[in-house]
Amino acid sequence: MGAFEAPDRPRGADASASAGSSGGPGGAPGPADPAALAALLGGQDYLADDGAATACFLALRMGRPLFLEGDAGVGKTELAKALAAVLGSPLIRLQCYEGIDASQALYDWDHPRQLLHLRAAQAAAPGAGAPGGRIAAEELESGLYDRRYLLARPLLRALEAAADPARPAVLLIDEIDRADDEFEAFLLEFLSDFAITIPELGAVRARVPPLTVLTSNRTREVHDALKRRCLYHWMPHPSFEREVAIIRRRRPEAPEHLVRAVAAAAQRLRDPERTGFDLLKPPGVAETIDWTAALAALGAPALTPDAAARTLGAVLKHRDDHEAVRLRLDALLDGRPEHGAAEAPR
């Protein structure tokens, strides 16, 4: 866990200021409309469709968390990174996992340093903390729970990160579906007030609430109460032409005919009704980009059955999927249906 911080002046920082960043009520940041935001995201090599651009625009303008749900690899995490770059803001990432709790997401005390402080105080003033000692117990205890001994985890860092309403920190709560119900309940309170109370130090409230992006791969249903705190957007797999554009943007060294062949094959792998490929884990855009990069690295002039077989590990991550596709590589590459299924569009 921990934070991922964007550079101080990402590529989109200056562009954001020149793209009509009129802001919303209460000084909310953001470009003038979804189309302007989509253009800025494109400057960060993220090609957002109208739905994603509109959802992000509304989250900025309304100051609401954004809940992105969709299959793995469709670009949810990358969208949060691109937003941080557009705003010129730090990206603070909380990676969720089973068993995560508030102390791992919020803050903890640096116990080794506290112990060193205690020993140093006792060495400098024998009898410290004891009745009649030169350092009273209350004074010693207050020194132990000083702010310098507090380890700020991602959520606390997000509260303290920004003071400029035009550049809120971007808080990415990634794969919330992997966390437990108890952690969801904790997030309900955090997202309501963007404030926490540290018993030893008092309340900490965000001067500028972070732009919060939650992602879910839908491995389980996230509770409605958490979704109601957020704006919701479903991230679908891209169309063929959009996927081609994304691959070309990310892998410009790959020839056009190879990019289109890879995108067409990926579309077939995601469409079991038309092509008969019923995979445990259909590839996302991230895998398609990796597949193109693998083929280009091998110098493959085209997506042939041999080249596809050698590079399946870049696009498929389950053994059963590998075996199923290897048996039908010709169908994968030319789109021939199986068992009478309708032919996939080219």
Side-chain angles (χ1 to χ4, degrees), residues 1 3 23-30 34 37 48 51-70 74-77 79-84 87 89-107 152-162 165 167-198 203-235:
M1 196 165 55
L37 179 56
T54 300
C56 293
F57 173 80
L58 292 176
L60 281 165
R61 187 57 60 91
M62 298 170 63
R64 295 283 297 278
L66 177 60
F67 190 99
L68 300 176
E69 193 167 42
V74 295
K76 303 182 294 296
T77 300
L79 178 53
K81 293 179 180 179
L83 277 172
L87 295 172
S89 302
L91 174 65
I92 301 173
R93 180 174 180 174
L94 174 63
Q95 178 63 52
C96 296
Y97 53 88
E98 185 177 355
I100 189 173
D101 59 28
S103 67
Q104 295 161 320
L106 199 53
Y107 72 89
R153 305 301 187 190
L155 297 186
L156 178 56
R157 293 178 62 193
L159 295 182
E160 299 179 324
R167 290 187 177 180
V170 176
L171 172 61
L172 170 60
I173 303 176
D174 214 7
E175 298 183 335
I176 183 60
D177 52 318
R178 296 179 61 185
D180 301 326
D181 293 348
E182 293 79 3
F183 188 71
E184 277 191 46
F186 162 73
L187 280 181
L188 283 175
E189 298 182 26
F190 178 83
L191 295 177
S192 294
D193 302 324
F194 287 108
I196 63 165
T197 298
I198 301 173
V204 178
R205 184 177 297 274
R207 294 175 61 187
V208 178
L211 171 61
T212 304
V213 179
L214 300 93
T215 73
S216 168
N217 294 334
R218 211 177 184 186
T219 58
R220 69 170 178 85
E221 284 294 332
V222 175
H223 287 237
D224 288 342
L226 183 60
K227 290 183 178 179
R228 284 198 300 269
R229 295 287 194 278
C230 309
L231 300 176
Y232 176 87
H233 179 66
W234 172 261
M235 297 277 287

Task: Residue pair Leu37 / Leu83, side-chain heavy-atom distance below 4.5 Å - done: yes
Open item on the list: I want to check something: taking the side chain as every heavy atom from C-beta on, are Leu79 and Val213 in contact at a cut-off of under 4.5 Å?
Closed with: no
Task: Straight-line distance of Tyr97 OH to Gln104 CD, nearest 0.5 Å - done: 3.5 Å
Open item on the list: Pair Trp234, Arg218 - check side chain to side chain contact (heavy atoms under 4.5 Å, CB included), show working.
Closed with: CA-CA 11 Å; Trp234 172 261; Arg218 211 177 184 186; 4.1 Å; yes
Task: Gap between atom CG of Leu187 and atom CG of Leu94 - 0.5 Å precision - done: 7.5 Å
TODO: Report the distance from atom CG of Leu60 to atom CG of Leu66, rounding to the nearest 0.5 Å.
DONE: 9.0 Å
Open item on the list: I'd like to know whether Ser103 forms a side chain to side chain donor-acceptor pair (under 3.5 Å) with Asp101, so could you lay out the CA-CA distance, the side-chain angles of the two residues, the decisive distance to 0.1 Å, and finally the verdict.
Closed with: CA-CA 6 Å; Ser103 67; Asp101 59 28; 2.8 Å; yes
- [ ] Answer yes or no: is there a donor N or O on one side and an acceptor on the other, between the side chain of Ser216 and the main chain of Ile176, under 3.5 Å?
- [x] no
- [ ] Calculate, to the nearest 0.5 Å, the distance between atoms CZ and CG belonging to Arg228 and Leu188 respectively.
- [x] 8.5 Å
Task: Set of residues satisfying salt bridge (charged side-chain N to carboxylate O under 4.0 Å, His left out) with respect to Asp181, sequence neighbours excluded - done: Arg220
- [ ] Any pair with a residue in residues 203-215 that passes side chain to side chain donor-acceptor pair (under 3.5 Å), sequence neighbours left out, goes on the list, sorted by first then second residue, please.
- [x] Asp174-Thr215
Open item on the list: Strictly distance-based, threshold 3.5 Å: is any side-chain N or O of Glu184 a donor or acceptor partner for the main-chain N or O of His223?
Closed with: yes
- [ ] May I ask you to test the Val204-Leu156 pair for a side-chain heavy-atom distance under 4.5 Å?
- [x] yes
Open item on the list: As a test of understanding, state which of Leu171, Val170, Leu172 forms a side-chain contact (heavy atoms from CB on, under 4.5 Å) with Arg93.
Closed with: Leu172
TODO: For the residue pair Asn217 and Glu175, establish whether any side-chain heavy-atom pair is separated by less than 4.5 Å.
DONE: yes
Task: Minimum heavy-atom distance Ala161-Ala169, with the two atoms named - done: CB-CB, 3.7 Å
Task: Point-to-point distance, once rounded to the nearest 0.5 Å, from CG of Leu191 to CZ of Phe67 - done: 11.0 Å
- [ ] Examine distances only and state if a side-chain atom of Asp180 and a backbone atom of Gly99 form a donor-acceptor pair shorter than 3.5 Å.
- [x] yes
Open item on the list: side chain to side chain contact (heavy atoms under 4.5 Å, CB included), that's the test. Do Lys76 and Val74 meet it? Break it down for me.
Closed with: CA-CA 6 Å; Lys76 303 182 294 296; Val74 295; 3.9 Å; yes
Task: Pair Ser192-Arg229, side-chain donor/acceptor within less than 3.5 Å - done: yes
- [ ] Take Leu106 and Ile198 through the test side chain to side chain contact (heavy atoms under 4.5 Å, CB included) and record every step on the way to the result.
- [x] CA-CA 10 Å; Leu106 199 53; Ile198 301 173; over 6 Å; no
Task: Straight-line distance of Phe186 CZ to Ile196 CD1, nearest 0.5 Å - done: 7.5 Å
Task: Within-4.5 Å side-chain heavy-atom neighbours: Val222 and Leu214 - done: no
Open item on the list: Can you tell me how the ring of Phe194 sits relative to the ring of Phe190, calling it parallel under 30°, perpendicular over 60° and tilted otherwise?
Closed with: perpendicular
TODO: Could you tell me whether Glu221 and Lys227 make a salt bridge, using a distance below 4.0 angstrom between a side-chain N and a carboxylate O?
DONE: yes
Task: Minimum side-chain heavy-atom gap Pro210-Ile92 below 4.5 Å - done: no
Open item on the list: How close do Pro34 and Ala53 get, counting heavy atoms only, and between which atoms?
Closed with: O-CB, 3.6 Å
TODO: State, to 0.1 Å, how close Ala59 and Leu231 come at their nearest heavy-atom pair, and which atoms those are.
DONE: N-CD1, 3.5 Å
